[in-house]
Amino acid sequence: MAPFHPLFLAIIILSNVVVSHQQDYAAVIPALNSAEQEATYRVLDSINSGIPWRSVFPGDLCSSAPHGVVCSYFSEVNSSDDETVHVTELSFGYVSDYTPNPPCAADAVLSPLLFTSFPFLRKLFFYNCFNHSPVSFPDIAVGPTDTLEELVFIDNPSFVGSLSGVLRNFTSLRRVVLTGNRVYGRIPDIVGDLVNLEELTLSRNQLSGEIPLSLARLKNLKVLDLSHNFLSGKVPPSMGINQSELLKLDLSSNGLSGRIPESFGAFKKLQFLDLSFNSFGSFGVPMFLSDMTKLREVYLSGNYLGGQIPDVWENLGNVVRVGFSDMGLEGNIPASMGAYLKNLSYLGLDNNKLEGTVPKEFGLLKFVGEINLENNSLSGRVSFPGSNLTSRIGQTLKLEGNPGLCVDDEDVLWSAKNSSNGSFGQLKLCKKEGQKPNPVPLEGSLSTAQAFPNSGFVILGLLILLLFA
Ligand SMILES: *[C@@H]1O[C@H](CO)[C@@H](O)[C@H](O)[C@H]1NC(C)=O
Ligand SMILES: *[C@@H]1O[C@H](CO)[C@@H](O)[C@H](O)[C@H]1NC(C)=O
Ligand SMILES: *[C@@H]1O[C@H](CO)[C@@H](O)[C@H](O)[C@H]1NC(C)=O
Ligand SMILES: *[C@@H]1O[C@H](CO)[C@@H](O)[C@H](O)[C@H]1NC(C)=O
Ligand SMILES: *[C@@H]1O[C@H](CO)[C@@H](O)[C@H](O)[C@H]1NC(C)=O
Ligand SMILES: *[C@@H]1O[C@H](CO)[C@@H](O)[C@H](O)[C@H]1NC(C)=O
Ligand SMILES: *[C@@H]1O[C@H](CO)[C@@H](O)[C@H](O)[C@H]1NC(C)=O
Ligand SMILES: *[C@@H]1O[C@H](CO)[C@@H](O)[C@H](O)[C@H]1NC(C)=O
């Protein structure tokens with residue numbers, strides 16, 4: 001009679017153990033009520049009517065359910081010896097053999113029952129489910145779904161809707177992940193009312209307009225990812241002030257402009273900052289970076305910020321990746337980057353207007369993956385004492401497009417030319433000692449190097465003066 005499915009058995013045994021631990025009353029395992037049971041079948045049919053859900057899972061769906069249907073037990077508030085069971089999580093779309101959620105059919109739709117018939121639903125998850133004809137949120141008054149804490153739609157290219165239509169009255173939401181869908185329109189002000197929100201990921205949609213001021217009210221936010229949309233205008237200048245919990249901020253690949261707000265400096269716990277590929281104006285690299293002592297990755301590439309690379313690195317020893325490409329940066333590369341960023345594994349400074357030498361401190365970076373300095377105006381001798389330049393140059397150290405650079409060693413030169421398949425045409429051997437003024441190796445202290453934009457020549461000048469004095 002009963003389906004002696006191994007999973008079924010396991011759940012029975014498990015439930016018994018739990019119950020017998022709590023009280024000595026008879027272990028009556030509550031069954032899912034018929035309304036939720038029926039609604040679950042109908043939702044499964046709406047996702048994939050090709051599978052005969054009722055005959056594959058004929059019994060109580062909380063005892064034996066497809067992966068993705070999760071129930072929880074609740075004690076009735078008023079009666080001491082009654083438990084009930086309810087569907088609390090629904091996940092659809094096959095992810096992997098480890099997460100074999102019900103697969104979605106080509107004609108999958110979003111059933112309104114999801115929002116009316118599961119009064120205890122906490123999590124709703126759709127992965128790669130809606131790929132064909134457009135699917136939208138049903139236009140129904142939200143009531144019971146006020147329990148919803150997690151709303152996750154990942155890679156559903158035919159899931160269409162305005163964000164205000166999607167979020168509306170889900171006031172309990174802690175986690176909103178809508179990425180790779182066709183969610184469009186402005187980010188509505190009501191976002192600021194979702195006071196429990198810890199993650200707001202809206203990347204890879206078609207959102208437009210400005211980032212609303214109300215976003216700055218979300219005090220519990222840990223992750224904010226609005227990347228790859230069509231957002232424009234200025235970022236609210238109060239963002240960060242009440243948001244010290246934020247760990248990740250990704251606003252990359254939008255059309256944001258104006259100044260990067262100083263208030264970002266209040267993101268004291270931030271580990272990941274990506275503002276790249278926007279239109280932030282030429283106000284320089286923000287100094288507040290020096291306050292973000294937990295920072296691990298920072299990307300500002302593709303914004304014409306201009307100015308020099310500031311000396312903000314002393315307390316940023318956790319940084320592993322820095323992307324400062326194509327930013328109109330001028331002046332020298334601060335040697336302090338090499339000296340303080342001990343764990344740096346990626347540094348992109350390519351396509352700027354940087355001058356001066358390659359700091360020999362970069363040779364100290366043991367775990368370095370790639371240093372890309374291509375297409376600048378760097379000059380002088382590339383020399384990393386104690387580090388094997390031959391094995392790096394052209395591979396993990398990219399120097400093309402800096403006609404003024406030279407190396408001492410013919411092996412290094414050849415390995416550079418060979419590794420870039422001959423396109424490394426500009427790199428040359430340094431002139432031998434005594435032939436011509438060599439670029440002075442960086443023996444001066446850090447502060448001297450930074451104080452003078454072309455310290456090499458200044459020091460040289462001083463030396464000559466001293467000799468003739
Ligand atoms: C529980 O009891 C309170 C007051 O005694 C009552 O207002 C409430 O409706 C009861 N709840 C349920 C679920 O029966
Ligand atoms: C949200 O809830 C409020 C009160 O509960 C109601 O007045 C309003 O119409 C609801 N909004 C939407 C979009 O459902
Ligand atoms: C920050 O929080 C304080 C206290 O709740 C409030 O008065 C202030 O307006 C908030 N500031 C912003 C920018 O949200
Ligand atoms: C650098 O990485 C090493 C190894 O992962 C770690 O032990 C060390 O604490 C890191 N240093 C800093 C300053 O983060
Ligand atoms: C440097 O410039 C050349 C020529 O414009 C280009 O082909 C190359 O991709 C650039 N390098 C980088 C890292 O962008
Ligand atoms: C440096 O690296 C190159 C290429 O990886 C290798 O052939 C050479 O022996 C190395 N030199 C030293 C001194 O380790
Ligand atoms: C680079 O290529 C040239 C010619 O193909 C070869 O003679 C030379 O040994 C190579 N050098 C290195 C360092 O690989
Ligand atoms: C050089 O060419 C070879 C073969 O064409 C290719 O496999 C390799 O990736 C190239 N190396 C670089 C640095 O472009």
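Whatever order the structure lists ligands and atoms in, that order sets their numbers, starting from 1. Just the heavy atoms: all of them, side chains too, but no hydrogens, waters or symmetry mates, feed the values below.
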Query raised in the report: Among K294, K268, K219, K269, which residue meets the salt bridge (charged side-chain N to carboxylate O under 4.0 Å, His left out) test with E245?
Result: K269

Query raised in the report: ligand 3 and S238, any nitrogen or oxygen pair closer than 3.5 angstrom?
Result: no

Report task. Using distance alone, determine whether N242 and ligand 3 share an N or O pair under 3.5 Å. Result -> yes

**Report entry** For Y304, side-chain hydrogen bond (donor to acceptor under 3.5 Å, both in side chains) partners two or more places apart
**Finding:** K353

**Report entry** First-shell residues of ligand 5 [heavy atom, distance under 4.0 Å]
**Finding:** D350, N351, N372, E374, N375

Requested in this report: Report yes or no: does a heavy atom of M239 sit under 4.0 Å from some atom of ligand 3?
Outcome: no

Query raised in the report: Do H86 and F118 have ring centroids that are under 6.0 Å from one another?
Result: no

Query - F159 ring center within less than 6.0 Å of F137 ring center - result: yes

Query raised in the report: Could K360 and F384 be counted as a cation-pi pair, given that NZ or CZ must be under 6.0 Å from the ring centre and within 45° of the axis?
Result: no

Query raised in the report: Looking at N278, L251, I187, which one forms a side chain to side chain contact (heavy atoms under 4.5 Å, CB included) with L231?
Result: I187

Query - Between D350 and S325: side-chain donor-acceptor atoms closer than 3.5 Å - result: yes

